[in-house]
Amino acid sequence: EVQLVESGGGLVQTGGSLRLSCAVSGFTFDGHGIGWFRQAPGKEREEVSCIHTRYGSSYYADSLKGRFTISSDNAKNTVYLQMNSLKPEDTAVYYCALKLWATWDWIYSGSRQYDYWGQGTQVTVSS
């Protein structure tokens, strides 16, 4: 059974940092796409970042470049999202999602598809 479990969310002050983790199980970790999304109350879900676990290629939403960093630890079957210089507008539920057997060019697609989703972790940034 494929499972994605997010952790690392919490309450942080403006300018602080958090590292989110997405632990995956139920399949061979290498060779897939894993993305981070967020959804704030009353807003649409937004893709924040994604990574290909085999090629290491990554994508970031333009508005987040320079503040967020995605990484993959294949030995631990975990993808991380390091979030620095957090702002109140970063407050949202953060989800990780999995695209099984993503092709090498999946990361460059304008509309990436995902097969499985985690339950989410709340990030709250106080002003």
Side-chain angles (χ1 to χ4, degrees):
E1 179 186 5
V2 174
Q3 285 192 321
L4 294 85
V5 179
E6 303 95 335
S7 62
L11 175 64
V12 65
Q13 292 185 334
T14 296
S17 299
L18 284 174
R19 188 178 78 159
L20 304 183
S21 299
C22 175
V24 299
S25 61
F27 60 95
T28 303
F29 190 73
D30 180 48
H32 311 290
I34 295 181
W36 283 99
F37 289 75
R38 66 184 183 183
Q39 188 165 21
K43 295 189 177 181
E44 293 187 354
R45 186 175 63 194
E46 173 188 21
E47 187 179 41
V48 172
S49 181
C50 60
I51 190 168
H52 198 296
T53 60
R54 174 170 295 173
Y55 304 111
S57 49
S58 60
Y59 158 87
Y60 296 92
D62 286 342
S63 61
L64 300 172
K65 286 180 181 177
R67 294 197 299 124
F68 289 14
T69 303
I70 193 169
S71 62
S72 173
D73 186 337
N74 287 21
K76 295 183 178 181
N77 285 13
T78 301
V79 169
Y80 303 98
L81 184 68
Q82 177 68 44
M83 306 187 296
N84 299 327
S85 302
L86 284 163
K87 306 173 182 180
E89 51 264 43
D90 294 319
T91 295
V93 178
Y94 284 71
Y95 301 89
C96 65
L98 164 70
K99 169 61 180 175
L100 284 173
W101 302 117
T103 57
W104 70 269
D105 58 350
W106 165 84
I107 202 91
Y108 307 109
S109 170
S111 179
R112 281 171 289 276
Q113 301 299 311
Y114 291 84
D115 302 306
Y116 296 92
W117 293 80
Q119 294 299 307
T121 185
Q122 176 71 46
V123 171
T124 303
V125 184
S126 63
S127 57

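By convention here, the first residue in the shown sequence is residue 1.
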Please answer: with hydrophobic residues joined when any side-chain heavy atoms are less than 4.5 Å apart, are Leu20 and Tyr60 in the same cluster?
yes
Is there side-chain contact between Tyr116 and Leu100, with at least one heavy-atom pair below 4.5 Å?
yes
Checking the side chain of Ser109 only, and the main-chain atoms of Trp106 only, is there a donor and an acceptor separated by less than 3.5 Å?
no
Decide yes or no on side-chain contact (heavy atoms from CB on, under 4.5 Å) for Ser7 and Thr121, but give the supporting numbers first.
CA-CA 6 Å; Ser7 62; Thr121 185; 5.8 Å; no
Is atom CD of Glu46 surrounded by more than 12 heavy atoms (other residues, nucleotides or ligands) closer than 6.0 Å?
yes
Pairs involving residues 51-64, ordered by first then second residue, that meet salt bridge (Lys or Arg N to Asp or Glu O under 4.0 Å) (sequence neighbours left out)
Asp30-Arg54, Asp62-Lys65
Side-chain donor-acceptor pairs of residues 66-77 under 3.5 Å, sequence neighbours excluded:
unit_1: Arg67; atom_1: NH1; unit_2: Ser85; atom_2: O; d: 3.0
unit_1: Arg67; atom_1: NH1; unit_2: Asp90; atom_2: OD2; d: 2.8
unit_1: Arg67; atom_1: NH2; unit_2: Asp90; atom_2: OD1; d: 3.0
unit_1: Arg67; atom_1: NH2; unit_2: Asp90; atom_2: OD2; d: 3.4
unit_1: Ser72; atom_1: OG; unit_2: Asn74; atom_2: OD1; d: 2.7
unit_1: Asp73; atom_1: OD1; unit_2: Ala75; atom_2: N; d: 3.1
unit_1: Asp73; atom_1: OD1; unit_2: Lys76; atom_2: N; d: 3.3
unit_1: Asn74; atom_1: ND2; unit_2: Thr53; atom_2: O; d: 3.0

Looking at Ala23, is its backbone amide N or carbonyl O close enough to the side chain of Thr78 to form a donor-acceptor pair, meaning the two atoms are under 3.5 Å apart?
no
Do Val12 and Ser17 come close enough that some side-chain heavy atom pair is under 4.5 Å?
no
Hey, are the side chains of Leu98 and Asp115 touching, using non-hydrogen atoms and a 4.5 Å cut-off?
no
Please tell me whether Leu81 and Tyr95 are part of a single hydrophobic cluster in this structure, the criterion being side-chain heavy atoms less than 4.5 Å apart.
no
Taking the side chain from Thr14 and the backbone from Lys87, do they hold a donor-acceptor pair closer than 3.5 Å?
no
Return each pair, listed once, that meets salt bridge (Lys or Arg N to Asp or Glu O under 4.0 Å) where at least one residue sits in residues 1-18; pairs must be two or more places apart or across chains.
none
Counting C-beta onward and ignoring hydrogens, is there a side-chain heavy-atom pair between Thr103 and His52 closer than 4.5 Å?
no
Full working for side-chain contact (heavy atoms from CB on, under 4.5 Å) between Arg112 and Lys99:
CA-CA 8 Å; Arg112 281 171 289 276; Lys99 169 61 180 175; over 6 Å; no
Same apolar cluster: Tyr114 and Phe29, side chain cutoff 4.5 Å:
no
How far apart are the C-alpha atoms of Trp104 and Ser57, what are their side-chain angles, what is the distance that settles it, and do they pass the side-chain contact (heavy atoms from CB on, under 4.5 Å) test?
CA-CA 9 Å; Trp104 70 269; Ser57 49; over 6 Å; no
Begin with the C-alpha distance, continue with both residues' side-chain angles, and end with the deciding distance and a verdict on side-chain contact (heavy atoms from CB on, under 4.5 Å) for Leu64 and Ser49.
CA-CA 9 Å; Leu64 300 172; Ser49 181; over 6 Å; no
Option among Tyr94, Trp36, Phe37 that satisfies the ring pair (Phe, Tyr, Trp, His ring centres under 6.0 Å) test with Trp117:
Phe37
